[in-house]
2 protein chains.
Amino acid sequence: MPNHSPIDAAFAALADPTRRAVVERLGRGPASVSTLAADHPIALPSFMQHLRQLESAGLIRSEKQGRVRTCTLSPQALTAVETWIIQRRRDWEARLGRLGAYLDQLEDPNV
Amino acid sequence: MPNHSPIDAAFAALADPTRRAVVERLGRGPASVSTLAADHPIALPSFMQHLRQLESAGLIRSEKQGRVRTCTLSPQALTAVETWIIQRRRDWEARLGRLGAYLDQLEDPNV
DNA sequence: AAGACACTTAGCAAATTACCTAAGTATTTG
DNA sequence: CAAATACTTAGGTAATTTGCTAAGTGTCTT
């Protein structure tokens, strides 16, 4: 089952080091396509595909003025991913808490 | 260029809804392969591939006793992902802070 | 107006992924 | 010990992804 939901697209987009590097770079401010591409040893059309994937995942936006397309980070999609992960941590810690309480009770059955 | 680093594998593993569902389920406690598989409408060998991918990404562990393989969440890999995302949020917020300070100080658009 | 610049489009090849069915291997269980 | 259970292995197909080159399309710059 390929990626259908927005969060699938966000995780998939972040699974590639080139794309994560773009997100890291844009976290420090907007940049043009060619500025971003300069850091990566791949052909420009290949690099543009990565940008398209990031944009369709909602992780970045871009706008063209004249012949230059400027890209910006779009943090809401990152927040969705962050929220999912934090929820997992919560579940995990809640379970550890219950397990600890249970073990405490076994050790000390009647207080 | 496919996944080389551990964090690539973790993001890629989480990009699939079946695999995320397994992580969610294991957050509430360990479970056997067939228990996990019961929630998903795919053939068992296909499901096992997902488990293998989760395990090789370090997101879960599993151990076989008798004929039953029990899977557990392995939270460190999730922490690595969480750390990456939180760092991006920090960068973003630091930049907003600098931008705000700059705008407060005076005008002049552009970056 | 000519050429440089910054992308864009088109089309193609190799590698990966996500499924499947069929047939195996160990372990219980009756 | 035979049958059921719980995976496992083997092998195959279709779709997706990631990369490329070559050839556009608009927009400055000179």
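Values reported hereafter were calculated over all heavy atoms of this structure, with side chains retained and with hydrogens, waters and symmetry mates removed. Chain letters run A, B, ... following the sequence lines, proteins first and then strands; every chain starts at 1.
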> May I ask you to evaluate whether A/H50 reaches the phosphate of D/dG19, defined as a side-chain N or O under 4.0 Å from OP1 or OP2?
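Yes, because at least one side-chain N or O of A/H50 sits under 4.0 Å from OP1 or OP2 of D/dG19.
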
> Distances under 3.5 Å only, N/O to N/O: pair up the protein atoms with those of nucleotides 24-30 of chain D.
{"residue": "D/dT27", "atom": "O2", "partner": "A/R67", "partner atom": "NH1", "Å": "3.2"}

> For a quick test of reading the model: is some side-chain N or O of A/S34 closer than 4.0 Å to OP1 or OP2 of C/dA6?
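It does not, given that no N or O in the side chain of A/S34 lies less than 4.0 Å from OP1 or OP2 of C/dA6.
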
> Checking the side chain of A/T35 only, and the main-chain atoms of A/A31 only, is there a donor and an acceptor separated by less than 3.5 Å?
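No: the side chain of A/T35 does not pair with the backbone of A/A31.
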
> Between C/dA18, C/dC20, D/dC20, spot the one nearest the side chain of B/Q53, thanks.
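So the nucleotide nearest the side chain must be C/dA18.
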
> Rounded to whole Å, please give me the gap between CG in B/D16 and P in D/dT16.
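Interatomic distance, CG of B/D16 to P of D/dT16: 14 Å.
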
> For D/dT18, does either OP1 or OP2 sit under 4.0 Å from a side-chain N or O belonging to A/S46?
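Checking D/dT18 against A/S46, no side-chain N or O comes under 4.0 Å of OP1 or OP2.
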
> Please list, chain by chain and in numerical order, all residues satisfying side-chain hydrogen bond (donor to acceptor under 3.5 Å, both in side chains) with B/Q49, sequence neighbours excluded.
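By the side-chain hydrogen bond (donor to acceptor under 3.5 Å, both in side chains) rule, B/Q49 matches no residue at all.
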
> How many whole angstroms separate atom CG of B/L51 from atom C1' of D/dA6?
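Whole-Å distance recorded here is 13 Å.
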
> Rounded to whole angstrom units, what separation is found between the CZ atom of A/R19 and the C1' atom of D/dT18?
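In whole Å, D/dT18 C1' and A/R19 CZ are 9 Å from each other.
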
> Can you list every pair that meets ring pair (Phe, Tyr, Trp, His ring centres under 6.0 Å) and has a residue in residues 10-42 of chain A, with sequence neighbours left out?
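Listed once each, the pairs are A/F11-A/W84, A/H40-A/F47.
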
> What nitrogen or oxygen pairs link the protein and nucleotides 8-12 of chain D at under 3.5 Å?
{"residue": "D/dT8", "atom": "OP1", "partner": "B/K64", "partner atom": "NZ", "Å": "3.1"}
{"residue": "D/dT8", "atom": "OP1", "partner": "B/R69", "partner atom": "NE", "Å": "2.9"}
{"residue": "D/dT8", "atom": "OP1", "partner": "B/R69", "partner atom": "NH2", "Å": "2.8"}
{"residue": "D/dT8", "atom": "OP2", "partner": "B/R69", "partner atom": "NE", "Å": "3.3"}

> Separation of A/H40 atom NE2 from D/dG19 atom C1', in whole Å?
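That distance rounds to 15 Å.
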
> Sequence neighbours left out, what passes side-chain contact (heavy atoms from CB on, under 4.5 Å) with B/P30? Give chain and number order.
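Partners of B/P30 by the side-chain contact (heavy atoms from CB on, under 4.5 Å) criterion, ordered by chain and then number, come out as A/R95, B/T70, B/T72.
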
> Measure CD/B/E55 against P/D/dC7 and give the value in whole Å, please.
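Nearest whole value for this atom pair: 13 Å.
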
> Are B/L26 and B/V68 connected into the same hydrophobic cluster when the rule is that any two of I, L, V, M, F, W, Y join if their side-chain heavy atoms are below 4.5 Å apart?
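Not linked; separate clusters.
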
> Can you list the residues that meet the side-chain hydrogen bond (donor to acceptor under 3.5 Å, both in side chains) rule with A/R19, with sequence neighbours excluded?
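For A/R19, the residues satisfying side-chain hydrogen bond (donor to acceptor under 3.5 Å, both in side chains) (neighbours in sequence not counted) are A/H50, A/Q53.
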
> Measure the spacing between CD1 of B/I42 and CE of B/M48 and express it to the nearest 0.5 Å.
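Between B/I42 CD1 and B/M48 CE, I get 11.0 Å after rounding to 0.5 Å.
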
> Does a salt bridge link B/E63 with B/R69, judged by any charged N lying under 4.0 Å from a carboxylate O?
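Salt bridge: no.
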
> CG of A/D8 versus C1' of C/dA18: gap in Å, rounded?
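Going from A/D8 (CG) to C/dA18 (C1'), I get 13 Å.
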
> Donor-acceptor check, side chain of B/E82 to backbone of A/E82, threshold 3.5 angstrom: yes or no?
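No; zero donor-acceptor contacts below 3.5 Å.
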
